[in-house]
Amino acid sequence: MTQLLEIFDPKAPPRAIGIDLGTTNSLVAYVKNERPVAIEDCDGRALLPSAVHYGDRGDVVVGVDALRRAAESPRETIVSVKRFMGRGADDPETKRMGPYAFVSPKEGEANVVRFAVRDKVVTPVEVSAEILRALERLAQDELRSVGGAVITVPAYFDDGQRQATKDAGRLAGLEVLRLLNEPTAAALAYGLEKKQNGRFAVYDLGGGTFDVTILVLDDGVFQVKSTGGDSALGGDDMDRALAEEIFHLAKSDVAKATPSEVRVVLDAAREVKHGLTTASEVRFDNPLGRDPAMLDVTRARFDELVRPLLERTGRACKRALRDAGVAAEELDGVILVGGSTRVPAVRAYVKELFGREPLGDIDPDKVVALGAAVQANILAGQGSADEVLLLDVIPLSLGIEVGGGVVDRILPRNTTIPAAARAAYTTQEDEQTGFEIHVVQGERELAADCRSLAKFTLRGIPKMSAGMARLEVTFRVDADGLLGVHAREERTGIEQTVTVKPSYGLDDETVEQMLLDAIDHGEEDLAARRLAEARVEGHRVVGSTRKSLDAEPALLVAGEREAIEAAVAALEASMAGDDPRKIQLRIEELDEASKAFAERRMNHAIAAAIEGQRLSVVEKTVEHAKGIEAAHGAPLPAAPPSSR
């Protein structure tokens with residue numbers, strides 16, 4: 001018997017959640033009956049498109065409805081924002097093919113990416129916070145009360161990108177229990193599901209990032225041996241390569257394309273990529289709407305276009321194997337993670353690279369969120385910490401700039417975290433009264449070639465001869481992979497401790513101000529959200545009603561079409577206004593006007609299907625008919641409240 005009701009204990013503690021904040025799609029999961037499950041929306045979708053649309057009335061729309069508006073409002077609809085997280089405004093990634101308008105930072109402002117959307121400016125942290133808020137609302141619908149969250153990040157995210165992700169969680173109002181590397185989360189879900197020990201490679205190719213992790217699973221101990229990757233490589237790059245090919249086939253210059261043209265071609269490229277997953281050739285309408293009217297792309301040509309991207313992943317994989325001291329043939333399996341691993345060329349390349357068929361029997365789109373949910377459950381004290389031990393690593397070396405601009409590495413890459421290490425230094429010049437400490441991250445020998453994380457100065461050192469002062473610098477990396485630095489001059493005892501905030505990120509004051517602004521404008525934001533949600537629901541109801549009228553006009557009685565169309569017109573008029581209550585009232589009026597028609601449609605569908613059938617078949621048909629009506633948006637008889 002289908003369970004329609006679920007009893008909630010009002011005294012039960014809030015449930016911890018795991019969030020996969022993805023480039024293309026995001027999702028949220030939790031542990032139910034000792035197993036992680038992804039939370040679905042009312043339409044049965046677990047994947048929430050990572051798209052945010054900023055409307056002309058101040059409303060913000062997230063997910064499927066935002067994605068639908070990308071073509072007509074390319075600059076006001078931000079997609080793949082994860083690729084901009086923690087990056088500077090002058091970063092080459094911001095210059096890639098795309099429809100966005102960027103705002104340069106003013107003097108004294110943090111060097112962070114800023115999108116110009118209508119009459120406001122938003123940062124990637126703010127855009128990501130909108131996605132996280134939408135996921136939290138989805139979790140609240142399911143769980144009623146949400147506790148802390150584990151948010152996953154690419155293993156190769158540097159300190160700045162991790163801090164930006166944590167800031168987004170704070171801005172969304174979440175208690176961030178931990179940032180968890182995506183391949184580690186996937187291995188956690190896979191290891192607990194399959195109960196299998198051994199050495200594994202996790203090949204994680206998502207929409208905008210690539211990670212590879214070599215780890216050992218041993219009776220609940222997940223020990224990462226090495227990690228590598230590219231935080232600016234993923235399915236988006238496949239889309240861009242294919243989009244450039246489409247511009248070429250359409251005899252059009254991408255450099256002269258408008259933002260709308262770039263958006264529609266990118267969207268077409270993604271659809272073609274999906275089509276080539278099962279077909280050897282895809283023929284499609286020219287998205288630019290000009291001659292030639294039809295275009296063709298073969299899978300063989302697509303494979304040629306993405307081969308250089310796959311070879312970039314191969315170099316990272318070979319380096320990770322070398323760092324772990326493991327040969328490809330010594331692995332017990334290769335776990336596929338990320339939606340881009342569905343591409344046949346990717347799976348073929350992974351098989352070629354590792355010499356074995358990859359493992360993809362757990363949904364690669366969901367496995368990261370499922371692992372995050374398991375870890376969240378443990379950190380919240382709702383699961384057994386004895387069952388799982390995670391030993392993760394630092395993805396990139398951390399050090400400071402010393403004389404001559406060279407880097408002295410204090411914590412090398414693939415050091416198990418949490419971790420701490422210290423190093424001692426002295427002065428280069430006589431009577432030097434301070435130390436400027438430049439913290440960098442990367443594998444290059446010169447500081448100028450590494451990622452600058454922060455600079456600070458330890459002042460007040462008495463004048464001494466060069467070489468007499470002694471500075472001890474301690475690096476500490478927490479379980480989130482975030483860095484803290486402590487500097488102390490041994491002779492005087494002068495010291496300073498800083499939590500490293502990247503020079504291109506948001507400082508605490510900025511994030512706090514955003515939080516205060518969110519509180520100050522909470523009622524306005526809530527009203528705008530209610531209006532946006534009402535309009536979205538209104539558009540859905542109007543569309544499904546018109547589809548129903550066109551599908552079975554013979555079932556209408558005299559005067560019924562006119563009454564329904566009048567109710568549709570009234571609903572559309574209300575959606576042009578600013579009163580969500582009026583929109584909801586018009587939706588209910590349309591529901592009442594079309595109720596009898598909807599019942600006749602359902603009865604007609606059932607009668608046509610059950611004639612001469614057995615009772616068991618009839619029962620299934622009734623359920624199917626109800627599903628059809630629900631999918632088309634036609635009103636249904638009231639049902640008992642569900643657990644959602």
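In this chain, residues are counted from 1 in sequence order. Nothing here was measured: the structure is a model prediction, and the numbers come from that model.
By the 4.5 Å heavy-atom criterion applied to side chains, Tyr349 and Thr313 are counted as neighbours. Counting heavy atoms from C-beta outward, Val37 and Tyr30 have side chains that approach closer than 4.5 Å. By the 4.5 Å heavy-atom criterion applied to side chains, His53 and Asp65 are not counted as neighbours. With a 4.5 Å cut-off on side-chain heavy atoms, Thr184 and Gln375 do not count as touching. No side-chain heavy atom of Val52 sits less than 4.5 Å from a side-chain heavy atom of Val122. The closest side-chain heavy-atom distance from Val346 to Leu336 is not below 4.5 Å. Proximity of Phe210 to Cys317: side-chain heavy atoms (C-beta onward) are separated by under 4.5 Å at one or more points. Annotation: side chain of Arg347 is not in contact with side chain of Lys351 (no heavy-atom distance under 4.5 Å).
A donor-acceptor pair under 3.5 Å is absent between the side-chain atoms of Ser128 and the main chain of Val125, judged by distance alone. No donor-acceptor distance shorter than 3.5 angstrom exists from the side chain of Arg83 to the backbone of Thr23, with no hydrogens or angles considered. Within the 3.5 Å criterion, the main-chain N or O of Asp159 finds a donor-acceptor partner in the side chain of Gln441. Judged by distance alone, the side chain of Asn414 and the main-chain N or O of Thr227 form a donor-acceptor pair under 3.5 Å. Between the side chain of Asn377 and the backbone N or O of Val31, no donor-acceptor pair lies under 3.5 Å. No donor-acceptor pair closer than 3.5 Å links the side chain of Asn181 to the backbone N or O of Pro183. Side-chain atoms of Glu126 come within 3.5 Å of backbone atoms of Thr123 as a donor-acceptor pair (strictly under, hydrogens ignored). Between the side chain of Asp43 and the main chain of Arg45, no donor-acceptor pair closer than 3.5 Å is present.
Of all heavy-atom pairs spanning Ile151 and Gly169, the tightest one is CD1-CA, 4.2 Å. Nearest heavy atoms, Gly206 versus Ser340: O-OG, 2.9 Å. Across Ala380 and Ala16, no two heavy atoms sit closer than the pair CB-CB, 3.6 Å. The two residues Val541 and Ser544 come nearest to each other via the heavy atoms O-OG, 3.1 Å. Across Pro36 and Ala373, no two heavy atoms sit closer than the pair CB-CB, 4.3 Å. Considering every non-hydrogen atom in both Ala328 and Phe354, the closest pair reads CB-O, 4.1 Å.
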Thr152/Phe157 under side chain to side chain contact (heavy atoms under 4.5 Å, CB included): CA gap, chis, key distance, verdict: CA-CA 10 Å; Thr152 61; Phe157 255 21; over 6 Å; no

Stepwise side chain to side chain contact (heavy atoms under 4.5 Å, CB included) check, Ile19 with Leu132: CA-CA 8 Å; Ile19 292 177; Leu132 291 172; 3.8 Å; yes

Pair Ile131-Val81, side chain to side chain contact (heavy atoms under 4.5 Å, CB included): steps then yes or no: CA-CA 10 Å; Ile131 299 170; Val81 70; 4.2 Å; yes

Working for side chain to side chain contact (heavy atoms under 4.5 Å, CB included), residues Val477 and Phe475: CA-CA 7 Å; Val477 177; Phe475 278 18; 5.6 Å; no

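Within the structure, salt bridge (charged side-chain N to carboxylate O under 4.0 Å, His left out) pairs that include any residue of residues 17-26 do not occur (at least two apart or interchain). For residues 316-329, the pairs satisfying salt bridge (charged side-chain N to carboxylate O under 4.0 Å, His left out) are Asp323-Arg413, with sequence neighbours left out.
One finds the CG atom of Asp211 at 10.0 Å from the CG atom of Leu233 (value rounded to the nearest 0.5 Å). Here the OG1 atom belonging to Thr341 is positioned 7.5 Å from the CG atom belonging to Asp365, to the nearest 0.5 angstrom. Atoms OG1 and CD, from Thr416 and Gln223 in turn, are 6.0 Å apart once rounded to the nearest 0.5 Å. Between Asp363 atom CG and Leu370 atom CG the span is 8.0 Å, to the nearest 0.5 Å. Distance CD/Glu40 to CG/Asp141: 13.5 Å, rounded to 0.5 Å. Distance check, rounded to the nearest 0.5 Å: NZ of Lys82 to CD of Gln161 gives 10.0 Å.
Residues passing the side-chain hydrogen bond (donor to acceptor under 3.5 Å, both in side chains) test with Thr165: none are found, sequence neighbours excluded. Taking Arg312 as the reference, Asp230 meet the salt bridge (charged side-chain N to carboxylate O under 4.0 Å, His left out) condition, with sequence neighbours excluded. For Leu67, the side chain to side chain contact (heavy atoms under 4.5 Å, CB included) criterion is met by Pro49, Ala51, Val79, not counting sequence neighbours. Phe200 meets the ring-ring contact (aromatic ring centres under 6.0 Å, His included) test with no other residue; sequence neighbours excluded. With sequence neighbours excluded, no residue satisfies salt bridge (charged side-chain N to carboxylate O under 4.0 Å, His left out) with Arg476. Ser226 pairs by the side-chain hydrogen bond (donor to acceptor under 3.5 Å, both in side chains) definition with nothing, not counting sequence neighbours. The salt bridge (charged side-chain N to carboxylate O under 4.0 Å, His left out) search around Arg178 returns none, not counting sequence neighbours. Qualifying salt bridge (charged side-chain N to carboxylate O under 4.0 Å, His left out) partners for Asp478, counting only residues two or more places apart in sequence or in other chains: none. For Lys166, the side-chain hydrogen bond (donor to acceptor under 3.5 Å, both in side chains) test picks out Asp480, with sequence neighbours left out. In terms of the side-chain hydrogen bond (donor to acceptor under 3.5 Å, both in side chains) criterion, residue partners of Arg535 (sequence neighbours excluded) are, by chain and number, Asp578.
Looking at Val337, Leu21, Val202, Thr209 one by one, the single match for side chain to side chain contact (heavy atoms under 4.5 Å, CB included) with Glu182 turns out to be Thr209.
Under a 4.0 Å N-O distance rule, the pair Asp167/Arg170 qualifies as a salt bridge. Contact check on Asp332 versus Arg356 returns no salt bridge, with no Lys/Arg side-chain nitrogen under 4.0 Å from an Asp/Glu carboxylate oxygen. Under the 4.0 Å criterion applied to side-chain N and carboxylate O atoms, Glu136 and Arg133 are not assigned as salt-bridge partners.
Counting heavy atoms of neighbouring residues, nucleotides and ligands inside a 6.0 Å radius, atom CD of Glu352 exceeds 12 of them.
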